[in-house]
Amino acid sequence: MNTADLRIDGPRLIDRLDALAAIGAIDGGGCCRLALTDDDRRGRDLVVGWMRELGLTVQVDAIGNVFGTRAGRRSGPPVMTGSHIDTVRTGGRYDGNYGVLAGLEVVQVLNNAGIVTEHPLCVAVFTDEEGARFAPDMLGSLVHAGGMPLAEALDLRAIDGARLGDELARIGYAGDLAPGTIRPRAFVELHIEQGPVLDAEGSTIGAVQDLQGISWQQLTITGQSNHAGTTPMRLRHDAGYAAAEVAHFVRGLTREIGGAMVGTVGRIELHPNLINVIAARATLTVDLRHTDETVLQQAEARLAGFLRELAEAEGVRIETRPLARFEPVLFDEGIVRRIEAVAARLGHTPKRMTSGAGHDAQMLARQCPTAMIFVPSVKGISHNPAEHTAPADLAAGADVLLHTLLDLAQDTTP
């Protein structure tokens, strides 16, 4: 058989996406499968069942990452693909899920064609990529790549107070494989863009060459609670006002630095949170991202300086706690070019891109040559039940993944 003619089955891929989306379904067509919840377990059980139906050897490591491996002619490191199936609380049906299920579709196409690759193929499902229940994000792949000790990860507490190791055991996914045992020969992650670029430009395939660095921190601002009507403005120590000043500063900082700099204050909680009481405490998060590590460090330093000035000016105490810190990642040029070449062979004009979101590929790049494939997100919407990618684009991306993985798995270069 001429492997150049191989294509994935689009309707079959959509059927699997729909079946997984039904687990934890929320209004508007989205999903809520927070990591290590009962719905996450049901989603894992469904995907593992499909892996076994496809003849994959399923292994689970001690942080709950799932690996389904298809044997090659040679033993040794596999060519790996995959992503995650956990979601944010108001997630869509494609984020992460698409990369995992497209990997299974690749395996089914090769099985149906009777093709045995030179190297093994592996489809991975990484634990807690979103970080929505247990911080930091990309947790499972971070532990897999050696970026966090297993014991530290197992002791993490969820936003609901649960201990990660206890939840892994409760849902039956505390595996006995040591994290990092399966070290890939190469890793390619297929993902929706989660941004507006491909959709706005009418492009179908993005070849992702790099990924922004991420700095997350939590700020706790302590002021003084007092009466909203009787306390003169000049005598206030208002934690709520200070939190608003931080949000204003972050937006201004992104404008001053410009380019790829982005910053977000995504969560603010006030105490006592009453209409007629000056806030005594504010807890908020700051998310800073840039493709250049030096620029990201400069942004962090400027924020730190501002916080010192703000604390003095308002008579409040500001404490900071890091939540996550990942340097920018430059993906493997050889695999990026291979993705571009495959896309061109299949009739697409690929676009070189930067990823503004964090992904498991960010962690796998520490272990092996790595790159990503993007397909369009309609209107750039993601982490939202309205998240959508056209079926034709989903199929096109999976076809590019199929032939990229096939090229890598048949490569006999040492």
Side-chain angles (χ1 to χ4, degrees), residues 33 35-36 40 43-44 47 59-69 78-88 91 94-104 106 121-148 150 153 173 177 179-194 206 208-214 216 289 324-332 335 339 353-375 382-383 397 401 404-405:
R33 285 194 307 274
L36 311 188
D40 186 25
R44 286 165 174 261
V47 172
Q59 296 170 282
V60 182
D61 73 11
I63 196 65
N65 297 322
V66 178
F67 303 94
T69 303
V79 173
M80 185 181 288
T81 190
S83 193
H84 63 98
I85 65 167
D86 66 301
T87 74
V88 296
Y94 304 108
D95 178 3
N97 309 307
Y98 171 50
V100 171
L101 301 185
L104 296 186
V106 168
L121 283 173
C122 181
V123 180
V125 182
F126 291 105
T127 295
D128 189 45
E129 190 272 352
E130 293 292 3
R133 188 177 181 216
F134 296 92
D137 53 348
M138 288 89 72
L139 178 66
S141 52
L142 177 65
V143 175
H144 171 83
M148 177 183 284
L150 174 63
Y173 279 88
L177 186 71
T181 299
I182 301 176
R183 190 180 182 96
R185 176 181 174 87
F187 182 78
V188 181
E189 183 173 3
L190 174 63
H191 210 281
I192 60 171
E193 182 194 345
Q194 299 183 280
V208 185
Q209 64 182 358
D210 57 2
L211 190 149
Q212 289 184 325
I214 299 174
W216 281 5
R289 306 191 190 204
R325 181 60 166 86
F326 303 121
E327 293 186 0
V329 171
L330 185 65
F331 287 132
D332 183 82
I335 297 184
I339 291 167
M353 301 190 68
T354 292
S355 173
H359 296 286
D360 291 310
Q362 182 173 353
M363 303 305 157
L364 272 292
R366 303 180 183 195
Q367 285 195 319
C368 65
T370 297
M372 295 188 70
I373 304 165
F374 275 174
V375 294
S382 186
H383 283 187
L401 179 69
T404 301
L405 293 178

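The shortest distance between side-chain heavy atoms of Arg183 and Arg185 does not fall below 4.5 Å. Annotation: side chain of Tyr98 is in contact with side chain of Val375 (closest heavy-atom distance under 4.5 Å). Annotation: side chain of Pro179 is not in contact with side chain of Asn65 (no heavy-atom distance under 4.5 Å). Annotation: side chain of Asp128 is not in contact with side chain of Leu36 (no heavy-atom distance under 4.5 Å).
The minimum heavy-atom distance linking Leu150 with Ala62 is given by the pair CD2-CB, 3.6 Å. Summarising the geometry of Cys122 relative to Thr69, their closest heavy-atom pair is SG-OG1, 3.6 Å, with the distance given to 0.1 Å. Closest non-hydrogen pair, Glu129 versus Gly358, comes out as OE2-O, 3.1 Å. Nearest approach of Ala124 to Val100, heavy atoms of both residues: O-CG2, 3.8 Å.
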Original post:
Can you list the steps and then say if Val106 with Thr81 is a side chain to side chain contact (heavy atoms under 4.5 Å, CB included)?
Top reply: CA-CA 10 Å; Val106 168; Thr81 190; over 6 Å; no
**OP:** Give the C-alpha distance, both sets of side-chain angles, the deciding distance and a yes or no for side chain to side chain donor-acceptor pair (under 3.5 Å) between Thr354 and Asp210.
**Re:** CA-CA 5 Å; Thr354 292; Asp210 57 2; 2.5 Å; yes
**OP:** Could you check Asn97 against Arg33 for side chain to side chain contact (heavy atoms under 4.5 Å, CB included), going step by step and ending with a plain yes or no?
**Re:** CA-CA 11 Å; Asn97 309 307; Arg33 285 194 307 274; 2.8 Å; yes
Subject >> side chain to side chain contact (heavy atoms under 4.5 Å, CB included) between Leu101 and Val47, intermediate numbers included >> reply: CA-CA 8 Å; Leu101 301 185; Val47 172; 4.3 Å; yes
**OP:** Quick one: do Thr181 and Asp61 satisfy side chain to side chain contact (heavy atoms under 4.5 Å, CB included)? Show the steps, please.
**Re:** CA-CA 8 Å; Thr181 299; Asp61 73 11; over 6 Å; no
Residues 360-367 side chain polar contacts: donor-acceptor under 3.5 Å, at least two apart:
| unit_1 | atom_1 | unit_2 | atom_2 | d |
| --- | --- | --- | --- | --- |
| Asp360 | OD1 | Ser141 | OG | 2.7 |
| Gln367 | OE1 | His144 | NE2 | 2.8 |
| Gln367 | NE2 | His144 | O | 3.4 |

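In this structure, the separation between CG on Leu405 and CG on Leu121 is 6.0 Å, given to the nearest 0.5 Å. In this structure, CG in Leu142 is found 12.0 Å from OG1 in Thr127, a value given to the nearest 0.5 Å. In this structure, His359 NE2 and His84 NE2 are separated by 7.5 Å, a value rounded to the nearest 0.5 Å. Expressed to the nearest 0.5 Å, how far CE of Met80 lies from OG1 of Thr370 amounts to 10.0 Å. To the nearest 0.5 Å, atoms CG (Asp95) and CD (Glu130) are separated by 4.5 Å. In this structure, Glu189 CD and Ser355 OG are separated by 8.5 Å, a value rounded to the nearest 0.5 Å.
With Arg44 contributing its side chain and Gly64 its backbone, the two residues share a donor-acceptor pair below 3.5 Å. Remark: the backbone N or O of Asp86 is not paired with any side-chain donor or acceptor of Asp40 at under 3.5 angstrom. When atom types are taken as modelled, the side chain of Thr404 and the backbone of Ile339 share no donor-acceptor pair closer than 3.5 angstrom.
The side chain to side chain contact (heavy atoms under 4.5 Å, CB included) check on Ala324 picks up Pro136, Asp137, Trp216, Phe326, with sequence neighbours excluded. Under the salt bridge (Lys or Arg N to Asp or Glu O under 4.0 Å) criterion, Arg289 pairs with Asp287, sequence neighbours left out.
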